[in-house]
There are 2 protein chains.
Amino acid sequence: MSRLRGSVTIDDVARHVGVAKGTVSRVLNNYTDISDSTRKRILKAVQDLGYQPSATARNLKRGRQDTLGIIIPVGHGNGADPFLAEFIDGIARALDELGLDLLVTTAHSRDHVIQTLKRLIARRKVDGFIVTRTEVDDPRIAYLNELNFPFVAHGRTGDPSGYAWFDIDNEATFADGVRHLYSLGHERIGFVGGSLDLNFARQRREGYRQGLEALGVRHDPDLETIQTISEEGGLAGAEALLSQAAPPTAMLCATDALAIGVVQFCRKLGLKAGSDVTVIGYDGLPVGEYLDPPLTTYSQSAQEAGGRVARMLIDLLDGKEPQTLQALAKARLIRRASDGAPSMTSDALANVLRDRLNQQPPSGSKGE
Amino acid sequence: MSRLRGSVTIDDVARHVGVAKGTVSRVLNNYTDISDSTRKRILKAVQDLGYQPSATARNLKRGRQDTLGIIIPVGHGNGADPFLAEFIDGIARALDELGLDLLVTTAHSRDHVIQTLKRLIARRKVDGFIVTRTEVDDPRIAYLNELNFPFVAHGRTGDPSGYAWFDIDNEATFADGVRHLYSLGHERIGFVGGSLDLNFARQRREGYRQGLEALGVRHDPDLETIQTISEEGGLAGAEALLSQAAPPTAMLCATDALAIGVVQFCRKLGLKAGSDVTVIGYDGLPVGEYLDPPLTTYSQSAQEAGGRVARMLIDLLDGKEPQTLQALAKARLIRRASDGAPSMTSDALANVLRDRLNQQPPSGSKGE
DNA sequence: AAGTGTTCCAAAACCGGTTTCGGAAGTCAA
DNA sequence: TTGACTTCCGAAACCGGTTTTGGAACACTT
C-alpha cells in the first residue's frame, strides 16, 4: 500500500485494531477517556507494527517542530570554533533526553544571519533559537525580539533586559584574575583586550579595572591595549605593552587567542612565560595545553553551557517568562604553567627588554 | 485570524488575489499552465504579504523534509572533534545554497547511534544521513543499507561496495609520506598507527607498507607499532620505536594526535623534532601550528570534504545510483617544521638515546 | 418510564500545503 | 456553425496526524 519504505501510519494501526484513528491518537497522547481494554489493544498493535508517528504530520497540526535552531557565524574559510563544537555537543545531549533535535546552520555575514533566521522562522522549521557570540548591539536579538520569537542568548548584549540569556560573569572573572596576579606578587598588571564592539570584551576590561580598584591599585591606561582578537592581535598587544619604560610583569588577556600571541612575542624576545613574565588567557582552548609553556587560562565548560542554554530555551517554550531566565556563571582558573611569581621587577624587565627589542630580527626566523 | 505571529498562509494569498489556493501553489512551483497576468498578480501578492510556504505542510504532502541528518559520536565528556566542526561547516555551506538544512545529533554509544538513527527515520525528520568515522564493520551502514535509507559515508568500511562514500586515498597518501621521507634521506622509517578496527588506520598502515615496497626498502615489523589514537598513544608508540637497538630516524604517524604524543616524547628526551628526528602527522589539526616545532602533517580540507559529501547525498536523493557516487581524494602535505633530513644515522641516534632513556625522570617534571 | 449523567469512541474538521481532475472559455480548422 | 484542441484555473482529494463534536450505550435517579 504505502510506497514509503515500511512507514506505518496511524491509519494502519487503527484498521488493524478496528477503531477510528482519532482513538489511536488519543491513546498515544494519554487522553483519559479510553477504556482500559481498548487502550491495551491499541498499544499492543502499536508495538507489533512498530508504529512511530510522523513528526511532520504532527507538527502541522500542533504548530510545533520539536526542533531548535542555532546559526553559527563563520568567517571566510577560517575554520570553525572548537568552543562551538563542544557547545553544540552540550545542546544535543540536553535535547536528546526530550526527543528534540537541533538544526545547525552557518552564516558568513551579518546579513546572511538575519536572512537565515528569517527563512527558518517563515518556513517554521524551528521553535526557537540559540544565539551565540552576542554583540553589544546585536541585530539578531533585535530581530527576534521584534518578532517575539523565542530564543536564548549565550552572552548578553548592551541592554540585557527583556530576553533570556546565560553568560559568564566576565567582570567577576577578570577581577578575580587581577586578584590572583596580585597575590602572586605582581604589581604592574597589564590587560590585552579585544574590540569593544564585542560585549564580552568590554565586560572583561571592566572586570580588569574593577579588580585593580578593589585592590587599591592605581589604574594606568598605558597598561591597557585593545587589539583584534587573534594571535596577531596578541603579538601587537604584547609589543605595545612591553616596549614601554615601565612594562607590566603580568598580562591578563581577554581570550586565549590573544594570549597565544602574547606568549609568542615573549618567546621571540627570549622571555619565558611563567617565570620571566606571566600570561593568562581566557577560553580554556585545548590548544593551550600544547603551548610551551602550557597556557594558564580561565575556562567555562562549553558543553555545560550548551546544556544549560538548551534547557533554558525549553523552559521558555513551555511558557516561562524570559526575565526569569537569566543566569550568570563564573569561569574557573585552570592553572597550567604560564603564570607565576614575578622573577624581576618592572624596571629590571625594562632593562632586559631594551636591548632585545633593538636587536630583534624583523621576522621569526628560527636559526639553526 | 491566524493566531501564529504573522504567519501568512497560502489561503491568505489566494484570497487576496481572488484565485484558488491551488493556483498559487502552481505559480510558486513553476507550473507552466498559468497565464502571465495571473502569475504576475500572484507573485506580487506573495511579495507584498511576505508569504513563505510552511516547510511542514509542504513536507507532509511531498514526503520530503529538505533536511539532512548527521550523528556525531562523542566520547564520555571528552569534548568534540575540531575536524567535525569544520566538516559541519562545509556541509552547512553546501546545503545553504539549496535551501536545505542540517539536523545535528550526538550519540554517546554504539547502541545510542542506532537508536537515534531509528527515531529520526521513523519520525521522518530527515531525508538522508551523513555518516562519519566509519568503522571496518560499521553497524550504522549495515542498518541504513538494510532499510535502504539514503546516506553517504565519509570514509569507507571493509566492504566499500554498494553505497556512496567519499574518502581520502589513505594508501596513496601514506605511500607518498614514505617516499617523501626517503627522499629526505631517511632509511629507517617508522610507523605509529591506530587500532585496526578503524578502517582508515588499517589503510594507512597498508599505504606505509606499500610505500616501502615501492622503494624496495625491506619492511621491518619492529618499525611498526599500533597504539590507541591519542597523545598517550603517541608517547607509548615513540617509546616502543625509539628504545630499540636500531631506532627509526623518522616516524610517520596515522594521526596528528599520535604525532603530538611522539613529539612530546622526543622533547622529553631532549630530541628536537625536525632535526634530530623527523615526525609527520595526519589531519592538519590547527593545534599542530602551535606545537614546538610546528607539526608537518597531511591534511584534507574538512570543510571541502563536508561540502563534497553533502552534494553527493543530494545527488543520491535525486536518484543517482550509489555505485556512481564513490570518490577518493588525496591529502596534501603541509610542511611545517617537524620534518627534515636526518642529522644522524640510526646508530648514532641509538647511542644518544641509550643514555637519555636511562636517566629519564619518571614523570614530565619541568625543572627550572 | 422518562429524564439525567457518564463512559467511550466514531466521524469529521482541521493544519497548510501539493497535485489531480475536470470543465469553462477561447482558438482554429472544416 | 460545429467539433476538436488548447489554455487556464477552480474544486476537491490528499498527506498523516490532532482535536472537536456528537451520539450510542449504559447506569442511575426520580
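Per chain, numbering begins at 1; letters A, B, ... match sequence-line order.
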In whole Å, what is the span from the [atom1] atom of [X] to the [atom2] atom of [N]?
X: B:Lys61; N: C:dT18; atom1: NZ; atom2: C1'; result: 6 Å
X: B:Asn29; N: C:dT20; atom1: CG; atom2: P; result: 12 Å
X: B:Arg62; N: C:dG16; atom1: CZ; atom2: P; result: 18 Å
X: A:Arg15; N: D:dG16; atom1: CZ; atom2: C1'; result: 12 Å
X: B:Leu60; N: D:dC14; atom1: CG; atom2: C1'; result: 9 Å
X: A:Gln65; N: D:dG17; atom1: CD; atom2: C1'; result: 13 Å
X: B:Ile10; N: C:dC14; atom1: CD1; atom2: C1'; result: 16 Å
X: A:Asp12; N: D:dG16; atom1: CG; atom2: P; result: 9 Å

- Query: When you look at CG of B:Asp137, are more than 12 heavy atoms from neighbouring residues, nucleotides or ligands closer to it than 6.0 Å?
  - Reply: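 No, because the 6.0 Å sphere around CG of B:Asp137 holds 12 heavy atoms or fewer from other groups.
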
- Task: For D:dG16, take OP1 and OP2 only and decide whether either is under 4.0 Å from a side-chain N or O of A:Tyr51.
- Result: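 For A:Tyr51, the contact criterion (side-chain N or O under 4.0 Å from OP1 or OP2 of D:dG16) is not met.
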
- Item | Which residues share a side-chain contact (heavy atoms from CB on, under 4.5 Å) with B:Leu98, sequence neighbours left out | B:Leu100, B:Ile314

Is it the case that the side chains of [Y] and [X] hold a donor-acceptor pair, with the cut-off being a distance below 3.5 Å and no angle test?
X: B:Asp48; Y: B:His16; answer: no
X: A:Lys125; Y: B:Thr56; answer: no
X: A:Asp159; Y: A:Thr157; answer: no

- Please work out if B:Ser54 contacts a base, only the sugar-phosphate, or nothing of the nucleic acid, heavy-atom cut-off 4.0 Å.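 It contacts sugar-phosphate atoms only.
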
- Task: Determine the contact category for A:Asn59: base if any of its heavy atoms lies under 4.0 Å from a base atom, sugar-phosphate if only primed atoms, P, OP1 or OP2 are that close, otherwise nothing.
- Result: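 A:Asn59: no heavy atom of the nucleic acid under 4.0 Å.
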
- Task: Describe, in one word, how the ring planes of A:Phe129 and A:Phe149 are oriented to each other, choosing from parallel (under 30°), tilted (30 to 60°) and perpendicular (over 60°).
- Result: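 Rings of A:Phe129 and A:Phe149: tilted, 30 to 60°.
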
- Message: At under 4.0 Å between heavy atoms, how does the protein contact nucleotides 4-12 of chain C? Give one character per nucleotide, 5' to 3', with B, S or -.
- Response: ----BBBB-

- Query: Less than 4.0 Å between a side-chain N and a carboxylate O, is that true for A:Arg15 and A:Asp12?
  - Reply: yes

